[in-house]
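To keep things clear, I will list the structure first and then write my remarks on it.
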Amino acid sequence: MTAERVAVGPAPGPLKGKLRVPGDKSIAHRAIILNACGRGRAVVSALPQGLDVKSTVDVMSALGTLIEPLSPGTVSVTGRAMEFAQPAGALFCGNSGTTMRLVAGLLAGQPFQVQLDGDESLSRRPMRRVADPLARMGAHIETTDGRAPLRVGGKSLHGYEHHLEVASAQVKSALLLAGLGADGPTSVTEPVLSRDHTERMLAGMGVAVEREGLTVSLQGPAVPSCVDVELCGDPSSAAFIAVAAAMTPGSDVIVERICTNPTRTGFVDILRRMGADIDLLDQDDSGVEPLASLRVRGSDLSAVDIGAAEVPASIDELPVIAVAAALASGKTRISGAGELRVKESDRVATIAAMLSSLGAKVVEKPDGMEIEGSPELAGGVCIDAHGDHRVAMAAAVAALSCAEPVLIDGAGSVAVSYPGFFEQLEELSR
Ligand code: S3P
């Protein structure tokens with residue numbers, strides 16, 4: 001387990017080595033939830049050990065799904081064919097927005113009511129974005145002033161043509177899950193394509209999912225057929241290693257077998273535009289999700305402009321892209337990224353504050369930030385991660401380019417998505 005307070009010093013030299021990062025968290029949630037909805041039994045392997053996925057496993061088990069550990073990181077899931085058992089009490093989703101929103105969609109059409117709770121951070125996050133469209137399908141769903149706890153379920157649903165104002169894979173997935181249990185067609189149109197793992201997996205499970213431009217649709221009621229899923233590495237975790245290597249002169253690092261679904265690899269395009277030396281090796285497009293190994297070598301980085309169209313495919317990586325920008329030559333502008341304010345923390349504020357206290361020049365904007373790069377940051381301070389795993393990891397990557405060591409308070413939060421992060425980072429600089 002990672003200590004609550006961790007010190008990260010300047011990189012003693014280039015980062016070198018080959019590593020694997022934890023399995024993809026987004027796909028893992030879906031592999032558990034969609035197989036639990038399915039008919040049959042499936043084996044899910046290379047499951048990440050982070051707390052978020054554990055929340056999903058616990059919630060789906062409480063709904064009567066048989067999830068049996070077979071070996072470390074491998075479980076079998078016996079599907080309930082869309083008929084879940086009423087849990088004994090409230091379901092606790094921990095820190096995981098994906099768990100809460102997807103499960104809200106899934107339970108909306110079940111014949112019983114359930115309460116969904118979250119930790120302090122999750123209880124601050126907006127839930128009307130899923131409650132309002134679910135209500136349009138006939139769902140009974142109550143929020144607490146627009147946030148968790150939620151109470152959901154007990155009504156039958158009808159299909160609906162949804163048009164989302166914000167590109168959100170969590171909302172889209174919640175509505176598609178509700179659509180599985182609804183009568184008639186359900187479609188979701190987004191302003192920009194968000195990660196499409198749900199629709200890919202459902203199609204692989206025999207559900208007739210159709211995509212036309214930014215609209216995805218399916219016909220309810222439908223029961224997916226369980227399929228085995230072997231998870232590839234999480235690009236959102238790999239991004240922290242990639243930026244660390246790109247920023248540290250002489251580095252040469254390979255992150256093996258990560259998911260290269262284009263709705264997730266916006267950070268690769270952005271880093272390349274900044275001048276990073278990145279190759280995708282051993283590309284394998286044969287499965288439901290494409291994968292490849294990422295090779296990153298150290299190079300000089302320069303500023304970029306990042307706008308709204310690029311945000312959904314890089315949303316979780318923008319915190320560490322901001323670190324790269326703080327060490328790049330020139331002024332980087334990130335705009336159209338207001339969604340960062342409603343993540344595990346207000347990431348516009350927490351990342352801007354973190355970089356400023358390390359000595360970077362950052363101006364916070366309502367929907368992003370401007371960052372004036374410099375060759376080195378000062379460091380020598382204590383950073384508050386605000387309980388946000390990606391803020392803690394971004395601070396650690398920034399610390400590698402600081403003159404003085406940095407203390408990170410709340411470092412234990414990395415357990416949410418990337419247990420072992422600090423150890424792997426240190427290993428690469430040995
Ligand atoms: C996720 C979608 C994104 C992302 C989150 C995981 C998912 O959130 O930020 O970490 O697994 O669907 P939004 O859908 O709210 O943008």
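Every number for a ligand or one of its atoms is a count from 1 in the order of the listing.
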Arg129 N/O to ligand 1 N/O under 3.5 Å = no
Protein contact to atom 16 (O) of ligand 1 [nearest heavy atom, distance to 0.1 Å] = Lys343 NZ, 3.2 Å
Any Lys/Arg nitrogen of Arg273 or Glu310 sitting under 4.0 Å from an Asp/Glu carboxylate oxygen of the other?
-> yes
Any atoms of ligand 1 less than 4.0 Å from a non-hydrogen atom of Ile315? List them with their elements.
-> 9 (O)
Ligand 1-proximal atoms of Arg347, by part, heavy-atom distance under 4.0 Å = neither
Indicate whether any N or O donor in one side chain lies under 3.5 Å from an N or O acceptor in the other, for Ser217 and Ser187.
-> no
Do Leu177 and Leu34 come within less than 4.5 Å of each other through their side chains, counting heavy atoms only?
-> yes
among protein heavy atoms, the one nearest atom 12 (O) of ligand 1 is Arg30 NH2, 2.6 Å
Atom 1 (C) of ligand 1 [closest protein heavy-atom partner, distance rounded to 0.1 Å] = Gln170 NE2, 3.6 Å
Check: Lys25 N/O within less than 3.5 Å of ligand 1 N/O | no
Just need the protein heavy atom nearest to atom 11 (O) of ligand 1, so name the residue and atom and give the distance.
-> Ser26 OG, 2.7 Å
Identify, by atom number and element, the atoms of ligand 1 in contact range of Asp316, meaning under 4.0 Å from any of its heavy atoms.
-> 4 (C), 5 (C), 9 (O), 10 (O)
Is the number of heavy atoms from other residues, nucleotides or ligands within 6.0 Å of CD (Glu210) greater than 12?
-> no
Please report the shortest heavy-atom distance between Pro312 and Ala167, naming the atom on each side.
-> CG-CB, 3.9 Å
Are side-chain N/O atoms of Ser293 and Arg257 paired as donor and acceptor at under 3.5 Å?
-> no
Tell me which part of His29 gets within contact of ligand 1: side chain, backbone, both or neither, using heavy atoms under 4.0 Å.
-> neither
Have a look at ligand 1 and work out which part of Lys172, if any, has a heavy atom under 4.0 Å from it: side chain, backbone, both or neither.
-> neither
Does Gln283 CD have over 12 foreign heavy atoms under 6.0 Å away?
-> yes
Does Asp52 come within less than 4.0 Å of Lys25, counting only side-chain N to carboxylate O?
-> yes
